Amino acid sequence: GEIEELLSTESCPENIKGKLDSILEEIQYLSSMSNRLLLIHSMDTDNFQCKSEHIVLADLLRDIVQDAGIISSDRDINISMSLDDSAEITGDRELITRLLWNLIDNAIKYNKLGGTVDVSLKEQDDHIQICIQDTGLGIQEKEIPNIFERFYRVDKSRSREQGGTGLGLAICKWIVRLHNGIIDVDSTVSEGSTFTVSLPKHA
């Protein structure tokens, strides 16, 4: 907070602002890593208690997309949504929020400048299907089996530059499994990726 205050001060010299920017980026990266490691620790313990809450997914997705607006506008990414307002599940709201945020955040950060992200939500019998499609660089077929592993990053230099920790998708997979769901990805190099999450209405 103090660093951000200094950066907003007009009297702060430009060379100092550059150094403070770098420090702030490292703090944010380490903070993200710490938070995710704490969640990873929860993944490794059998006594994690998953809450059971009523979640209207369309409302939750709209809130997440709105919060992601700063990131998407900086990269000139257009986000479209096709949402079934009746799609609801019972689950842990905090974890489902993290799941959807991680997937949408990735779709923005690893997209092409001026690209698009399509978010769809629909009911399928006793399941809810959420698809997040981007126009990014895509993932090579040989990499796909590994992307949900901890600390695995397809492009290590690019991921680190974007603040990636290599934990986001591992956490997503854990959250989906905790809710008795399935997560899958379909990707074409140079065209983009589609992450599909299928969750039972009652986990």
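Numbering of residues begins at 1 and proceeds along the displayed sequence. The shown structure was predicted, so the numbers you read here are calculated from the model rather than taken from an experiment.
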Do Leu121 and Gln129 pass the side-chain contact (heavy atoms from CB on, under 4.5 Å) test, and can you show the C-alpha distance, the side-chain angles, and the key distance before you say yes or no? CA-CA 6 Å; Leu121 166 68; Gln129 186 183 81; over 6 Å; no
Applying side-chain contact (heavy atoms from CB on, under 4.5 Å), run through Ile130 and Ser198 and close with a yes or a no. CA-CA 6 Å; Ile130 305 161; Ser198 179; over 6 Å; no
List the steps, then state whether side-chain contact (heavy atoms from CB on, under 4.5 Å) holds for Val117 with Gln133. CA-CA 6 Å; Val117 174; Gln133 182 177 18; over 6 Å; no
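Distance CD1/Ile16 to OG1/Thr9: 12.5 Å, rounded to 0.5 Å. The CD1 atom of Ile147 lies 9.5 Å from the NZ atom of Lys173; values are rounded to the nearest 0.5 Å. Rounded to the nearest 0.5 Å, atoms NZ (Lys122) and CG (Asp84) are 10.0 Å apart. How far CD of Glu149 is from CG of Leu167: 12.0 Å, rounded to the nearest 0.5 Å. Between Asp74 atom CG and Leu113 atom CG the span is 10.5 Å, to the nearest 0.5 Å. Interatomic distance, CD1 of Ile132 versus CE of Met81, reported as 11.5 Å (0.5 Å rounding).
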Give every donor-acceptor pair under 3.5 Å between a side-chain atom in residues 54-67 and any protein atom, sequence neighbours left out.
from  : atom 1 : to    : atom 2 : distance (Å)
His54 : NE2    : Glu88 : OE1    : 2.7
Asp59 : OD1    : Arg62 : NH1    : 3.4
Arg62 : NH1    : Asp85 : OD1    : 3.1
Arg62 : NH2    : Asp85 : OD1    : 2.7

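The cluster map of Ile, Leu, Val, Met, Phe, Trp and Tyr, joined by side-chain heavy atoms under 4.5 Å apart, puts Ile182 and Ile128 in different clusters.
Here the closest heavy-atom approach between residue Ser52 and residue Thr90 is recorded as OG-CG2, 3.0 Å. The two residues Ile183 and Cys172 make their nearest non-hydrogen contact at CD1-CB, 4.2 Å. Nearest approach of His127 to Pro200, heavy atoms of both residues: CD2-N, 3.7 Å. Between Gly181 and Leu199, the shortest heavy-atom contact is CA-CD2, 4.2 Å. Among all heavy-atom pairs drawn from Ile175 and His179, the shortest one is O-ND1, 2.9 Å. In terms of heavy atoms, Phe195 sits closest to Ile139 at CZ-CD1, 4.4 Å.
In this structure, the side chains of Asp92 and Leu178 stay at 4.5 Å or more apart for every pair of heavy atoms. A heavy-atom distance below 4.5 Å is found between the side chains of Asp105 and Ile71. Side-chain contact between Asn102 and Leu169 is absent, with no heavy-atom pair separated by less than 4.5 Å. When side chains are defined from C-beta on, Ser86 counts as touching Glu123, because their heavy atoms get closer than 4.5 Å. Side-chain contact between Asp134 and Ile77: absent, with no pair of heavy atoms (C-beta onward) separated by less than 4.5 Å.
Counting only distance, with no hydrogens or angles, the side chain of Lys201 and the backbone of Ala87 share no donor-acceptor pair below 3.5 Å.
With hydrogens and angles left out, the side-chain atoms of Asp184 and Thr196 include no donor and acceptor closer than 3.5 Å. Looking at Thr135 and Asn111, their side chains do bring a donor and an acceptor atom within 3.5 Å of each other. Ser187 and Ser193 form a side-chain donor-acceptor contact under 3.5 Å, judged by distance and modelled atom types alone.
Scanning for side chain to side chain contact (heavy atoms under 4.5 Å, CB included) contacts around Val189 gives Gln140, with sequence neighbours left out. Checked against salt bridge (charged side-chain N to carboxylate O under 4.0 Å, His left out), Arg93 has no partners two or more places apart in sequence or in another chain.
Within a 6.0 Å sphere centred on CD of Glu53, heavy atoms belonging to other residues, nucleotides or ligands number more than 12.
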